[in-house]
Amino acid sequence: MTRHFLRDDDLSQAEQTAILDLAEHIKADRWGRKPLAGPQTVAVIFDKSSTRTRVSFAVGIADLGGQPLIISTANSQLGGKESPSDTARVLERQVAAIVWRTYAQSGLVEMASGTTVPVINALSDEFHPCQLLADLLTIREHKGTLAGLTVTFLGDGADNMVHSYLLAGATAGMHVRVACPADYMPEERVVADADAIAVQTGGSVTIFTDALEAVSGADVVVTDTWVSMGKEDEKAARVASLSSYKVDGDLMALAKPDAIFLHCLPADRGYEVTSEVIDGPQSVIWDEAENRLHAQKALMVWLLENS
Ligand code: CP
Ligand code: NVA
């Protein structure tokens, strides 16, 4: 059966751990695996802008012996004249896997249901699961473990990163806290799914409106832009609602003294995080950005081996 990676809970706890272990090995031996030798091609499709995702997939596919084919939907038939499922039928005859950054999650589900090659979500409006593999790898490197740690996300609770933290964090057995205003809450069904996973893994999921309470004693502090791609017209309203969730030095001081700070980037400095924090000694953002490469290489190796 073809395995896809459309949302974080497509992986069990054991599978998530196996991919993170593999990522650690691949990071230590960058050129050691060539499952795409040939070279086989991987299609990497973008409906939205990207720096990290584009570079890390292109470099990672090349590292694995393959050839990346970067496609912008602006000048392809997908998104205009042709459906995701018809596009998948065309691509699967020629590529080893399909990576897609898009808007609605439903497009990815349609793409995956119609194809025999693995489909990877490179960010949708609802989830950013590849980023979470990199974040978990980074947290594990700095903390030595995942299960039992408390991670607090502050800001836009309806953000794709929050939904992915809820599912991936719960899968890893972490205590996931989200601090957000009442008008920017996570989707209830994602919280329910994360809750059900946490019951199995010993983790937990808690939603707060009080930023100070949520960050108190945290091992990991995370935020993301208040204005995700596609929401640019809402910037003024978002800044007004979210300003009390800004991660600054005073807020970081409430977390554990050895807490680390993560941000998937790009950051809007001065809005969701101050330069003092993002450039400070607790920030691990550059490790996090590098780990996109290693985590996604491990994901591709694992999906190809298990499909
Ligand atoms: N973090 C992340 O996905 O960055 P890009 O938008 O640059 O790909
Ligand atoms: N939440 C952000 C993540 C960017 C990598 C967005 O969707 O724009």
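Here, residue 1 is the first one in the sequence, and each next residue gets the next number. One-based numbering, in listed order, for ligands and for the atoms of each. Quantities reported herein were computed from a predicted structural model and do not represent experimental measurements.
Each of the following atoms of ligand 2 lies closer than 4.0 Å to a heavy atom of L123: 3 (C), 4 (C), 5 (C), 7 (O). Below 4.0 Å from some heavy atom of T51 lie the following atoms of ligand 1, by number and element: 5 (P), 7 (O), 8 (O). Interface atoms of ligand 1 facing C264, defined by a heavy-atom separation under 4.0 Å, are 1 (N). Of all the atoms in ligand 2, the ones that sit under 4.0 Å from a non-hydrogen atom of D159 are 1 (N). Remark: ligand 1 atoms within the under-4.0 Å shell around heavy atoms of R292 are 1 (N), 2 (C), 3 (O). Each of the atoms 5 (C) of ligand 2 lies under 4.0 Å from some heavy atom of L265.
Classification of the F153-Y165 ring pair by plane angle, with boundaries at 30° and 60°, yields tilted.
Residue T53 does not touch ligand 2, judged by heavy-atom distances below 4.0 Å. Contact annotation: for D125 versus ligand 2, there are no heavy atoms closer than 4.0 Å.
F46 and V119 fall into different hydrophobic clusters, where Ile, Leu, Val, Met, Phe, Trp and Tyr side chains are chained together by heavy-atom contacts under 4.5 Å.
Between R54 and ligand 1 there is no heavy-atom distance shorter than 4.0 Å. Ligand 1 has no atom lying under 4.0 Å from any heavy atom of L123. Taking 4.0 Å as the cut-off, K48 does not count as a neighbour of ligand 1 on heavy-atom distance.
Here the heavy atom of the protein found nearest to atom 8 (O) of ligand 2 is M229 N, 2.8 Å. In this structure, the protein non-hydrogen atom closest to atom 6 (O) of ligand 1 is R101 NH1, 2.8 Å. The nearest heavy-atom contact from the protein to atom 4 (O) of ligand 1 is R52 NE, 2.8 Å.
Nearest approach of A214 to A179, heavy atoms of both residues: CB-CB, 3.6 Å. Of all heavy-atom pairs between C130 and L299, the closest is SG-CD2, 4.0 Å.
For ligand 2, one of its N or O atoms has an N or O atom of N160 under 3.5 Å away. Residue contacts with ligand 2: S228 is placed with a nitrogen or oxygen under 3.5 Å of a nitrogen or oxygen of the ligand (distance criterion only). In terms of polar-atom proximity, defined here as any N/O pair under 3.5 Å, K48 makes no such contact with ligand 2. Of the N or O atoms in M229, none lie within a sub-3.5 Å distance of an N or O in ligand 1.
The side chain to side chain donor-acceptor pair (under 3.5 Å) with N121 is formed by just one residue from the set E126, Q105, R7; it is Q105.
Using a 4.0 Å cut-off between charged side-chain N and carboxylate O, R140 and D21 make a salt bridge. Salt bridge absent: R3 and E305 never bring a charged side-chain N and a carboxylate O closer than 4.0 Å. Electrostatic pairing of E232 and K235 does not count as a salt bridge here, judged by no charged N lying under 4.0 Å from a carboxylate O. Between D268 and K246 there is no salt bridge, since no side-chain nitrogen of the basic residue lies less than 4.0 Å from a carboxylate oxygen of the acidic one. In this structure, D47 does not pair ionically with R101, as no charged nitrogen and carboxylate oxygen lie closer than 4.0 Å.
Of the listed options T225, D156, D224, D224 places a heavy atom closest to atom 1 (N) of ligand 2.
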*Could you please spell out the steps behind the side-chain contact (heavy atoms from CB on, under 4.5 Å) verdict for F57 and M300?*
CA-CA 10 Å; F57 270 109; M300 288 186 281; 3.9 Å; yes

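Two residues are said to be in side-chain contact when any heavy atoms from C-beta on lie closer than 4.5 Å; T171 and D8 fail this criterion.
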